Amino acid sequence: MSKYHFNEIEAKWQQYWSENQTFKAQNPSAFSSSEEGDDETVDKPKFYVLDMFPYPSGAGLHVGHPLGYIASDVYARFKRHQGFNVLHPMGYDSFGLPAEQYAIQTGQHPAETTKVNIEGGTDKSGTKIEGYRKQLDRIGFSFDWSREVRTSNPGYYKWTQWIFIQLFESWYDTSEDKARPISELKTIFSSEGNSNVEAACDEGVEIFSGATWNAFSEAKQQQILLQYRLTYLAETEVNWCPELGTVLANDEIVNGVSERGGFPVIRKKMKQWSMRITAYAQRLLDGLDTIDWPQSLKDSQTNWIGRSKGAEVTFKIKDSEKTISVFTTRPDTIYGVSFMTLAPELDLVKEITTQAQKAAVEAYIDATAKRSERDRMADVKTITGAFTGAYAEHPFTGEAIPIWIGDYVLAGYGTGAVMSVPCGDQRDYDFAKHFNIPIPNIFEGVDISEEAFSDKATTVIANSDFLNGLSYKEATQKAIEALEAKNQGEGKINYRLRDAVFSRQRYWGEPFPVYYKNGMPQMIAKEHLPLVLPEVEKYLPTEEGEPPLGRADVWAWDTEKAEIVSNDLINNETVFPLELNTMPGWAGSSCYMFRYMDPDNNEELASEEKMKYWENVDLYIGGSEHATSHLLYSRFWVKFMYDRGNLLVDEPVKKLINQGMILGESAFVHRIEGENKFVTESLLHTYKTQPIHVDVSLVDHHNNLDINGFTNWREDFKNAEFITENDGTFKVVREVEKMSKSKYNVVSPDDICSQYGADTLRLYEMFLGPLEQAKPWSTAGITGVHSFLKKLWKLYHSGEGESFRSTEEAPSKDSLKTLHKTIKKVQEDIENFSFNTSVSTFMIAVNELTAQQCTSREILEPLVILISPYAPHIAEELWQQLGHSESIATASFPKFEASHLVESSKEYPISFNGKMRFTMELPLDMSKDDIESAVMAHEKTARYLEGRTPKKVIVVPGKIVNIVG
RNA sequence: GCUGAAGUGGUGGAAUUGGUAGACACGCUGGACUUAAAAUCCAGUGGGCAGAAAUGCCCGUACGGGUUCAAGUCCCGUCUUCAGUACCA
């Protein structure tokens, strides 16, 4: 072989890796049984590199998808060269909406589509699908595929169901700040009742003694326990998306419409499974300090959790037994309250509304219910509300405070009620102005005639009795103390974070391991898991509006046989109906990183021995769009599992990096309005045109349109006319956009691999720019790294007829210098995740060594190891040609020796008043004074000084000389 | 509005602790090879001015200030772009 035949080389090594299981991670047990002379791996430290696993969509991969995988692969390979036992697995997040939507359209079982999307095949419409696995394999990743997980495999979701049961069987003890078994709570209840129990639970749980508890019926006890469980069934107001036929979590809604599809979402009360993530709010915040994640991502989690410190204040209602509790961050402004505002959805509203106001209030409630979430958000300016006719009593002055309702108060935050202080809050201010409610001023020396004053730092309280003259901080503390003394309030920390709704009315998700006995949920025992998804004849909700599982005929639980049986057998004595909802997308991805440690274990999620060894993920790479969903839920589940002793760590991931998006370069042709005539780029200004996306494959690197291809591309362009440039070419207009099929700007990694090779693709993706930045893809630039690989190949093939050649001669000093500066830079770059600069470093090294005509094995061997994490195929091939029979994968990373970089002299830049004028070669060991005299003696110095005497000469040895004057 | 990130040639980007701005590539221009093209190789390439040339000078890292012998880098203010978030009491 003389030329660089990348296709052959890559196929050869991909096969070699697969046959030799080169990247199979060693298990800790392999170390203990080291009698067979497995000494080499015994002391290897572990390193866990993980990618966010993909949802296998039918569209396949585009060049943006593998970016993070390439980066993590470079890192994983680097760690292997450094002597680590690397766990670098891959799998599929294979439950999800697209397969289900496709199933609804075609009737094909989502399991089949999913399988085809992963393993390849033909879809219902006859289109050939390459399959994720093949596409990934072509890029030469060092994944340990023996550990693959798929969230939709029953063998995997068994553990998702098991974790759900664990959550159901747990409650959160806020005094110990950890989750405990529900059995311990029962013991406490029967001995002393619940008055001393500090737990994260529903609002308004009734208080009972031990004796009362024991007297409760079984059903009643279960009902109470449900209010404490970490996953619970409750009638909650949820985001219902009629179009998708399912509820959505807050993070699945963007700007008031569904993230997927962009359909409207309405509020609806439904009985749903929820996760008591709020119990972990504080620990989720605190944990952020212990992990190395991007600051921006930590900030989004912090904002999402939304901790705010303030007070809960209880107002009595005049002529009523009822009270209103509000949360406020400004208890210091309590004397500025001139009205109360309640969210219209609050049940209390109907109870306190006076007869006279009833009609107005009901009309308002109806009007707000009709408004979609989106309208409400889009229209913040319009102020609406209604007076209930009721009055609250000021805790200190006893004054009557009118109670209003208004949709600017959100039912879901705090208590759904606010004490309105118009002088200190702009929203209250606007509301008061609109309805002519008085705005008392309680701030010293502040004008509030135009707007509210909300600057805490400069607040001095006035007109507030015992708070007069105090600052925000002092007044807050005093107000809380006074409220506590009156038993009408206390300091409180409030979180924006809501409990997460966990039910989805979908087919293609994990079934709940739950059946219903007298309407109360019962868990299926662990040994009968997995509870496998039933077959249905259609993937739509039932006519009665039940989820798709309502169509299953065999979906009942026989408690005696412990198996799924036909619905006909339901007798509600031994055979019961099963839950019809399925779990949301994030269920399967919350703990998957632990399953890779021990993927075939049938007894446990992962064995203790393996969890002890692998701990958690050392490096996790994925997109920032998961900041408040997957990455928050996963942290929650891991903390819970840690509490219950099922995991040994309380964070899933030590270090996380978000890779930036790779954008596409869309191409547009401009059509004259109302005609089938297209205008080339330079003549656009003379016509009135509209841009139309054109497939980027019809455009070359110089933006020339393939006119023939274009007219054949779409039927309606068949007879199109073209106004071209003078030379007869037609130029398109380019624009950077998100890469997507609908924009016709998708570039497939398969095509790049065929044309240039996987090593070129890998290098180029790294070369494009910093990993974390968004950057446009331009296939034009790829020739640069491709010709670099050709040059690299040539460096090793300088023999007769371009044959392989390496010599045993000692390398030149220059070559050693080139090698060692490359080692230093590449090692630093990988450790700093600055992969783009490594690629330039390689280019410089190869250019220099080529110029030096270096053939020395002492240089060529370490060089190929340096390059192998980036371009593993060519590296393996050259490594073999250098005479090695083992894979390069575990070859030791070259050791940097500073001695080769020691210089005796330096080309000093000589600047005058900060401007560099010329350079001067001077010995590095020259003293400051000698440097100064040498520079002053230089003929050019006099010329730049133009007769002036320098005021000062700055000499920084080894760096620079600056003459001031 | 708030939070975060970022603004450097025609393009992607480099300059890790303040010390020769534009590394490395793409593109472009010219040349070699070729009947021609592709591929390959060589040279040039931030802008402006002067010069036949060697070369020299001025400007230049979004904008306006500041600190410093020295600023892309540090500080203050402004603008723009991108991302996230949004009535959170």
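A, B, ... follow the sequence lines: proteins, then strands. Residue 1 opens every chain. These numbers come from the heavy atoms of this one structure, side chains and all, not from hydrogens, waters or symmetry mates. As the structure is a computational prediction, the values presented were derived from the model and not from experiment.
- Of the candidates B/C59, B/G12, B/U20, the closest approach to any side-chain atom of A/Leu768 belongs to B/G12.
- Under 4.0 angstrom from either OP1 or OP2 of B/C88 there lies at least one side-chain N or O belonging to A/Arg427.
- When the P atom is used for both B/C75 and B/G4, the distance is 14 Å, rounded to whole Å.
- Residue contacts shown for A/Gln295 are absent, as no nucleic acid heavy atom lies under 4.0 Å away.
- When side chains are defined from C-beta on, A/Phe842 does not count as touching A/Val785, because their heavy atoms never get closer than 4.5 Å.
- For the C1' atoms, the distance from B/U20 to B/U61 is 15 Å, rounded to whole Å.
- The distance between atom CD of A/Glu772 and atom P of B/G13, rounded to the nearest whole Å, is 14 Å.
- Here the side chains of A/Thr822 and A/Phe896 are not in contact, with every heavy-atom distance at 4.5 Å or above.
- Contacts of residues 827-845 of chain A with RNA chain B (heavy atom under 4.0 Å): A/Glu828, A/Asp829, A/Asn836, A/Thr837, A/Ser840, A/Met843, A/Ile844.
- In terms of phosphate contacts, A/Tyr413 brings a side-chain nitrogen or oxygen within less than 4.0 Å of OP1 or OP2 of B/A89.
- Judged by closest nucleotide on RNA chain B, A/Asn303 is the one of A/Tyr908 and A/Asn303 placed further toward the 5' end.
- A/Pro294 comes within contact range of no nucleotide atom at all, as no heavy-atom separation falls under 4.0 Å.
- The side-chain heavy atoms of A/Leu632 and A/Ile305, taken from C-beta on, include a pair separated by under 4.5 Å.
- Here A/Arg307 lies out of heavy-atom contact (under 4.0 Å) with every strand.
- Taking the six-membered ring where tryptophan is involved, the planes of A/Tyr764 and A/Phe767 are tilted, since the angle between them lies from 30° to 60°.
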Where do N or O atoms of nucleotides 38-43 of chain B meet protein N or O atoms at under 3.5 Å, pair by pair?
from: B/U40; atom 1: OP1; to: A/Lys790; atom 2: NZ; distance (Å): 3.3

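- Side-chain contact annotation: A/Asn745 with A/Ser666, donor-acceptor N/O pair under 3.5 Å present.
- B/G9: glycosidic angle within 90° of 0, hence syn.
- Listed candidates were B/A89, B/U20, B/C58. Nearest to the side chain of A/Thr328 is B/A89.
- Taking atom P in both B/C82 and B/G65, one finds a spacing of 28 Å when rounded to whole Å.
- Comparing B/G56 with B/C74, their C1' atoms sit 34 Å apart, to the nearest whole Å.
- Within 6.0 Å of atom NZ in A/Lys817, 12 or fewer heavy atoms from other residues, nucleotides or ligands are found, so the atom counts as exposed in its surroundings.
- Side-chain nitrogen and oxygen atoms of A/Arg943 include none within less than 4.0 Å of the OP1 or OP2 phosphate oxygen of B/C57.
- Shortest non-hydrogen contact noted between A/Gln659 and A/Leu67 is CG-CD2, 4.0 Å.
- When all heavy atoms are compared, the tightest approach of A/Pro344 to A/Val349 is O-CG2, 4.1 Å.
- Remark: A/Lys824 pairs with A/Glu828 by the side-chain hydrogen bond (donor to acceptor under 3.5 Å, both in side chains) rule, at least two apart or across chains.
- Looking at heavy-atom distances under 4.0 Å, A/Phe918 makes no contact with the nucleic acid at all.
- Results of the ring-ring contact (aromatic ring centres under 6.0 Å, His included) test with A/Phe435 over A/Trp404, A/Phe339, A/Tyr429 single out A/Trp404 as the only residue that passes.
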Pairs: protein N or O with nucleotides 67-69 of chain B N or O, under 3.5 Å:
from: B/C69; atom 1: O2'; to: A/Asn962; atom 2: ND2; distance (Å): 3.0
from: B/C69; atom 1: O2; to: A/Asn962; atom 2: ND2; distance (Å): 2.8

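- Screening residues 761-782 of chain A for salt bridge (charged side-chain N to carboxylate O under 4.0 Å, His left out), with sequence neighbours left out, gives A/Asp73-A/Arg762.
- Closest to the side chain of A/Ile960, out of B/U20, B/G13, B/A89, is B/U20.
- A/Phe788 comes within 4.0 angstrom of nothing in the nucleic acid, heavy atoms only.
- Residue A/Lys940 has its side chain nearest to B/G56 when only B/C58, B/G56, B/U20 are considered.
- In this structure, CG of A/Asp425 is placed 15 Å from C1' of B/C2, rounded to the nearest angstrom.
- Considering every non-hydrogen atom in both A/Tyr335 and A/His394, the closest pair reads CA-NE2, 3.9 Å.
- In this structure, A/Glu625 atom CD and B/U85 atom C1' are separated by 16 Å, rounded to whole Å.
- Within the 4.5 Å cutoff, side-chain heavy atoms of A/Val826 are placed close to those of A/Ile830.
- Residues A/Lys821 and A/Thr841 form no side-chain contact, since every pair of their non-hydrogen atoms from C-beta on lies 4.5 Å or further apart.
- Within the nucleic acid shown, A/Asn847 comes within 4.0 Å of sugar-phosphate atoms alone, with no base atom in reach, counting heavy atoms only.
- You'll find the side chain of A/Leu795 reaches within 4.5 Å of the side chain of A/Leu863, heavy atoms only.
- Residues A/Gly414 and A/Ser300 each lie close to RNA chain B; by heavy-atom proximity, the contact nearer the 5' end of the strand is made by A/Ser300.
- As rounded to whole Å, 13 Å separates atom P of B/C2 from atom CD of A/Gln426.
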Worksheet, complete the sentence: Annotated structure of RNA chain B as dot-bracket, pair cut-off 3.5 Å, Watson-Crick or G-U only, | for inter-strand, is (((((((..(((......[....)))((((((.......))))))(((((....)))))..(((((..]....))))))))))))....
Worksheet item: Should A/Phe431 and A/Tyr408 be marked as a ring pair (Phe, Tyr, Trp, His ring centres under 6.0 Å) after you check the CA-CA gap, both sets of side-chain angles, and the distance that decides it?
Response: CA-CA 9 Å; A/Phe431 194 87; A/Tyr408 80 98; 5.3 Å; yes
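- For the residue pair A/Tyr364 / A/Thr384, a side-chain donor-acceptor distance below 3.5 Å is found, with atom types taken as modelled.
- When rounded to the nearest whole Å, the span between CD of A/Gln659 and P of B/A83 equals 16 Å.
- Spacing between B/A39 and B/A32 at atom C1', rounded to whole Å, works out to 14 Å.
- Straight-line distance between the P atoms of B/U17 and B/A6: roughly 14 Å, to the nearest whole Å.
- Counting non-hydrogen atoms under 4.0 angstrom, A/Lys825 reaches a base of the nucleic acid.
- Note on A/Gln773: a side-chain N or O is less than 4.0 Å away from OP1 or OP2 of B/G13.
- The residue A/Ser778 sits apart from the nucleic acid: no heavy atom pair falls under 4.0 Å.
- B/G22 and B/G12 are spaced 13 Å apart, taking the C1' atom of each and rounding to whole Å.
- Nucleic acid contact for A/Ser308: sugar-phosphate only, since backbone atoms but no base atoms lie under 4.0 Å from a heavy atom of the residue.
- Distance from the side chain of A/Lys915 is smallest for B/C59 among the nucleotides B/G19, B/C59, B/A25.
- Going from the P atom of B/G13 to that of B/A70 covers 32 Å, rounded to whole Å.
- Around the CD atom of A/Gln853, the shell of radius 6.0 Å holds no more than 12 heavy atoms that belong to other residues, nucleotides or ligands.
- The CH2 atom of A/Trp777 sits 13 Å away from the C1' atom of B/C26 (whole-angstrom rounding).
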